[in-house]
Every structure is written in structure tokens, then in C-alpha cells.
Amino acid sequence: MSASGRTRRAAVPLARRRFLAGMAAGAATLAVEGCARGDSTSAQPGTTSISNDNATWDEGYRSAGRELKKITGYALRPLSNPSVTSYQQVVQMTLQTSKATDLVKWASGYQLKRLARAGGLTDLTKVWGNYAAKGWVRGSAREAMSYHGKVYGVPLYESYYVLFYSKPVFQRLGLSAPGSWAELLHCAEVLKGNKITPFLASQVGGWPAIEWFQELVTKVDPRFYQRLVAGQASYTDDAARQAMNIWYDFMRKGWMTSPDFDQARGPGALKAGTVGMFLHGTWQAQGMTAAGMKADVDYGAFILPTVRPSTPKSVIAESGVFTVPSRASSHEAAMANVGAWLDPSVQRVWSDFLEDSSANPTVRSSNPVVARLQLDIAREQRIPLVRYWEASPPSLIQGNADDLGGFMAGQTSPATTLRRMQERAQDEWAAWRRDEA
Amino acid sequence: MAPAVLLVTVFLLVPFVWTIYRSFFSDSRTSGFSWFGNYTRFVSDPALSRSIVNTAMWVVGTVLLPLVLGLAIACMTNATRWSRLARLCVVLPYALSGSAVAVVWNFMLTTDGAVNQVLTTLGLGSLAHGWLLTWPGNTLVMILANAWQATGVAVILFLVGLQSIPPETLEAGALDGAGSWQQFRHIVLPQLRPISIIVIGMSLVNGLKSFDLIWVLTQGGPGRATETLAVSMYNETFLELRPGAGAAIAVVLTVIVLAASWLYLRRQLDVKGE
């Protein structure tokens, strides 16, 4: 009995050890297999995978992918990671591995340059050349897609920064979309007089703090903005000071929402008539529809007028890009799809889904508000300007967006804010140029 | 034992040593060795100086509030008729995630949120303002929000402590003529000392590593005004794209947490003689 008892006691830890060892071995095998090749990014016949940070676009990719498949034989398979920060980390890490997706959605401008500089992206200069020959891309967009002369991105969409407004509210108050600075101020005064906050301004989430800055600077002097974001002008120059003083004056008059107003509530606020005008990208048209507003009936949009009539007209454009990792699982298929992405038949479906402007200038938006903006931009020959977020080195923009958020919350004066932005600009441009050298 | 040591080494010690190593390298493209360059930013960068002040405020707030409120609520709800309901109300927030708590408080604290609407309705509109916009008020209201959640666990622990106090000691005190306050001060409080040590220790560490509530409510803004060291570490590493600076903050934060925990526990356990 004692012997059998000892045997039983000895057997228990041995069994537990075996069990644990088995579990550990199983887990290790799974981990190794998982690391070696994830199912999600591995090649799947007839499709190309896309890394995407906006899960609400998945259906649009699938629809556009069905059109692509008719041309290239490959559909699109979106793989979404809705957290922008973790998305960026994952993309940058997987670019160096065999687990890279076939296509990667990324930002243009310096965000793209930074990614291209690290290596791992396919040169798409020939693809761009083909598009340019067909007139399917705007030549002015090339620089924002390039690094050291080579193109690394194909435009995914092209949005413009505009002021959405509620048509019923404007109609009730006898207002119309302002065509000049004086008319804009008149609209704001009337709205404020009727207890409607004229402008939505927000710093929730960080980046929205740049929206009014870029808009006002470009409407004071678009050429200065181009020099400023290229590191050739100072944030303490007159044009920047003038723009910040206008912004400060708007806030002081109570013309802007509190900076902790979440932009996600923008369409609802326009519909409810608590906010008069909402400065945002035209991609917000989709949000307007989701809030139950009909284009050209419930809402309209216009580009902010220039502060002086003689100032050249401009428009801020935002363009995401498709890039192709050199180590994409299905590189050939990815190149085929990126080469057909701007085909009008694909863009028709994609533009309809976004309710926004296509990056292909031959495709007119089916949203009447956006279509009218496209016509206005072409007719007025507005200078296309890269959105501030992509227009300078990322570390500089992130830091300056923080400073602008502080300014909106009343932490700093216009002069102090600009001085800090300039100090950062000097440091970050020096760092960028040092890295380039 | 060996697998545990291996796991701790692989998942804790190696990344920690690597973080220390990385903190001595610059964030330029070539990442050259920069000695203590990343650490000097604590002096030169006002955002990091503010972050240290905020962290200190968080530590004081997250230690004091749950301790005082937890003890008070536990004493008031121990052995009363409605104690179960009261306890449930206090403990419930503890079951929520930090992010969920932040969403609830965001609804309350934004400029057009519930708090300002109530104040305006009560004719106290002059008190309404952007609670999350100005420093140090925004940090203070977030500490209060955190206390709303963290007090629950302190209440549970203090209730366990109160219920383990032998009733004879209280009866003896009463027979000796001790009043309620004297009984609490000289009989209950000393016997709650071990529980208090745990509550303070936990709150101390939670205060030093506070992140989720801040991130969801303000993302450290506006203008980096509400960052704590944990938020600054994330911001520098992932948003400002300066992993070296982020690593330096991580090292400093780890040293502070370890030092504070070690000093506190060593002192408390020594006093208790364990």
C-alpha cells in the first residue's frame, strides 16, 4: 500500500510536467507557425491583400476590387487595423518581413517619404508614367507621392478641405454660401446673432488642430504656405501672424466651438442647426449621408474665401496613397492592381462609395456638392496645396499640432504659439536634412 | 521554476535591458550613441517637466482619495441595512475598464457635457467651463474620475479588514468608556494597518502608471498639458516617432516605480516586523 501510494504521489507531478511540457510545445509550435506565415497576409489566388486603417472602407475596397478583377483578375482583400498608431507600427515592421501585405494604404507627402526612406517599397515611377500619359493623375500630385525623384505611391483618393454648411439653416437666415471674406464674416455674425456657433473647430484627437491653421494661412497667402511647409519661411513671419490673429479673433468672438467638441458630432450638429459651418475634408460627405443629410438639399459646401480679393485662390488637398511593399506576398498581382486602380471603371465605384472626389480627374463625383467643388477648383484654377499633416517632416507636424491644440485651449497666445512652432521647425528641419545627408 | 525564470527573462528582463540600451541612442536615422542626450530632455523640454508634475499629482491623488474615501465608505456601509446596495454602487465602477470609465466621464466633462448642462440648469452657469481644457483643473478632474473607479477596490479591502476585527476588542473598548471616535482611532485603525499598506501600495503604483483614462479623455492634451510619464512615453515613441526619447522616459518611470514601491514596502514591512 505504501509502495503504491508512493507511486501515485510520484506520478502526479510527472503527469503535470508532461502536460505542461506538451502545452508549452504546442504553444511554441503555434507561435512559430504563426510567425512564419500568418494566414491573413499569405498569397490567396485571385486576390491582393490591402493593409487599411479605416474599417468603414472595407466594403468600398471590396466593391472596387470586383471591378479590378474584371481588368486584372485580382480582387481586393482588405485587412483593417482601426487604431492608426498601431497600424503605422505594424506596417513599418512588416515591410521588412515576408508578411507584408500586397498593398498598403499610407499617407502622402513626408509620411510617404519617411516610409520610402526606410526602404522596402516598390518604385512605381513607371506606373505613374502610364497614368500620366492617359491623363488619369494630376501632375501637381506627383511630388507628394515621390522620394528622391522616384514615385512610391499611387493616389488612393483626393479630398479637399471645405466648409460644409446646413442649407436649411442658411436659407432660414437669408444667407448663401459666401464668395468673399466680407460675406463670410457676415454669415458668422448672423449665425452668432441667432445663437448658432458659426464654425466647428476641434483639437480632439490631436490632428484636427491643424485644420484652421492651414486653412487660414493659405487664405492669407498660399505661396507663403508653400514656403513655410518646405522649411523656407518662418512661422513668425507676417502671413502666419495674420492668420493666427484672425483665428484668435474668431475664438474671442465666440465664433468657434469649444476645442473639446468632437468632430464626429459635426454632421449631427449641422443637422440640428447648433453649428453653422464645419471645416473638414470632402470625405466627410459620407458622414453627412450617415447622419441622414442629403447632398445639395440638406447640406452644401464651399472653399474658404481668401482674406483679400487679390490673394490667389487655392485649395488644400489630401491624398492617401497605395504603396506596394517590395516583399509583398503577391507582388505581381499587387503591381497589376495598382496599375489599374485609377481606371475610370474602378474609380466610378470607389468614388461613389466614398461620395468623394476621385484622384482621377476624369471621374466626376456623383455627389453633386463635391462635383460642384471639382468644377470650381478647375474653373478658378485654384492652387492645389498639400495638407499640412503631410507637408513637412512628421515629427515637426505632430509637435506643431500639439502646440496648436494648446493655443485653441487658450494656453498660449498667437505669438507664443508661432514662436514655439518656429523653434521646433528649426530643430526638426535640421534633423530631417541631417538624416537625408 | 526554470520555465518561470525563462519566461520572465525573455518577456521582461530582455526587453527592459534593451530599452535601457536604446535610451542611450539618438533618434536620428543613424541612431548614434548619444550618452545621456535623451535624458537631458527632462530638463530642456517643458512638456516633460509638466509630465513629471502631473505624475506627482496623480500619485498624491490616487493614493489619498481611494484611501480616505475607501475607508470612509467601508466604515459607513459596514453592517448597515442598506450596506449591500451602497457597496454595490461603489464597487461597480471598479468592474469597468479604464477606457469605459473615460467614455462616461468624457460625456460628463466636455464643455457641452452633462456637468455644465446641470450647472446651467441650476442657475450656476458662471461655474460652467471646459473642464478638460485648462491645466491643472483638467488633471484634477481626471484624478477624481480615477478615484471614482479605484475607490471600489479600496472599499472591498477595507471591508475585509473591518470584518476581521474581533468584536471583543471593540466591546472591551466600549466597556472602558471609549467613544465612537476613540474606538475608531485607537482600536479599528491600528488593526486596519495591513490593509492600508496594501491599498496605499497598489494606489501608488497605479498612480505612477496611469494611462488609459488620460489617453481616452484627452490624449495628453490639449497641448500635452495633461500628460503623465506613461502618456509621454507613448507619445514620444509612437506619435513623435522618437523611440530613444520614449525609452529614456520608460527607464525613468520604471526607476521611480521601483524605488517608490521598494521604499514604501520596506518601511511598512519593517515597522510591522515582517
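Numbers restart at 1 for each chain; the letters A, B, ... are given by sequence-line order, proteins then strands.
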Open item on the list: Heavy-atom cut-off 4.5 Å, strictly under: side chain, backbone, both or neither for A/Arg114 against chain B?
Closed with: side chain
TODO: Answer yes or no: does atom CZ of B/Phe16 have more than 12 heavy-atom neighbours from other residues, nucleotides or ligands under 6.0 Å?
DONE: yes
Task: Exam field: side chain A/Gln411 to backbone B/Pro222, donor-acceptor pair closer than 3.5 Å - done: yes
- [ ] Take A/Arg265 and B/Asp112 through the side-chain contact (heavy atoms from CB on, under 4.5 Å) test and state the conclusion after the steps.
- [x] CA-CA 12 Å; A/Arg265 293 167 50 210; B/Asp112 55 354; 2.6 Å; yes
- [ ] Assess whether atom NZ of A/Lys150 is packed by more than 12 heavy atoms of other residues, nucleotides or ligands within 6.0 Å.
- [x] no
Task: Residue B/Phe33 excluded, over 12 heavy atoms near CZ under 6.0 Å - done: yes
- [ ] Would you please go through residues 424-437 of chain A and name the residues with a non-hydrogen atom below 4.5 Å from one of chain B, in numerical order?
- [x] A/Glu428, A/Asp435
Open item on the list: Give me the atom names and distance for the closest heavy-atom approach of B/Thr134 to A/Ala409.
Closed with: CG2-O, 4.4 Å
- [ ] Would you check if there is a donor-acceptor pair between the side chains of A/Asp260 and B/Thr110 at a distance under 3.5 Å?
- [x] no
- [ ] Can you tell which part of A/Phe261 gets under 4.5 Å to a heavy atom of chain B, answering side chain, backbone, both or neither?
- [x] side chain
- [ ] Answer yes or no: are there more than 12 heavy-atom neighbours, outside A/Tyr248 itself, under 6.0 Å from its atom OH?
- [x] no
Task: For A/Ser395 against B/Arg242, the heavy-atom pair lying closest together - done: CB-NH1, 4.5 Å
Task: Structural part of B/Asn106 lying under 4.5 Å from a heavy atom of chain A - done: neither
Task: When B/Gly223, B/Ala225, B/Gly220 are compared by non-hydrogen pairs under 4.5 Å with chain A, the top option - done: B/Gly223
- [ ] Assess whether atom OH of B/Tyr39 is packed by more than 12 heavy atoms of other residues, nucleotides or ligands within 6.0 Å.
- [x] yes
Open item on the list: Do B/Glu240 and A/Asp402 have side chains that approach each other closer than 4.5 Å (heavy atoms only, starting at C-beta)?
Closed with: yes
Task: Inter-chain contacts: residues 45-63 of chain B against chain A, heavy atoms under 4.5 Å - done: none
- [ ] Check whether any side-chain heavy atom of A/Gln203 sits under 4.5 Å from a side-chain heavy atom of B/Thr218, and report yes or no.
- [x] no
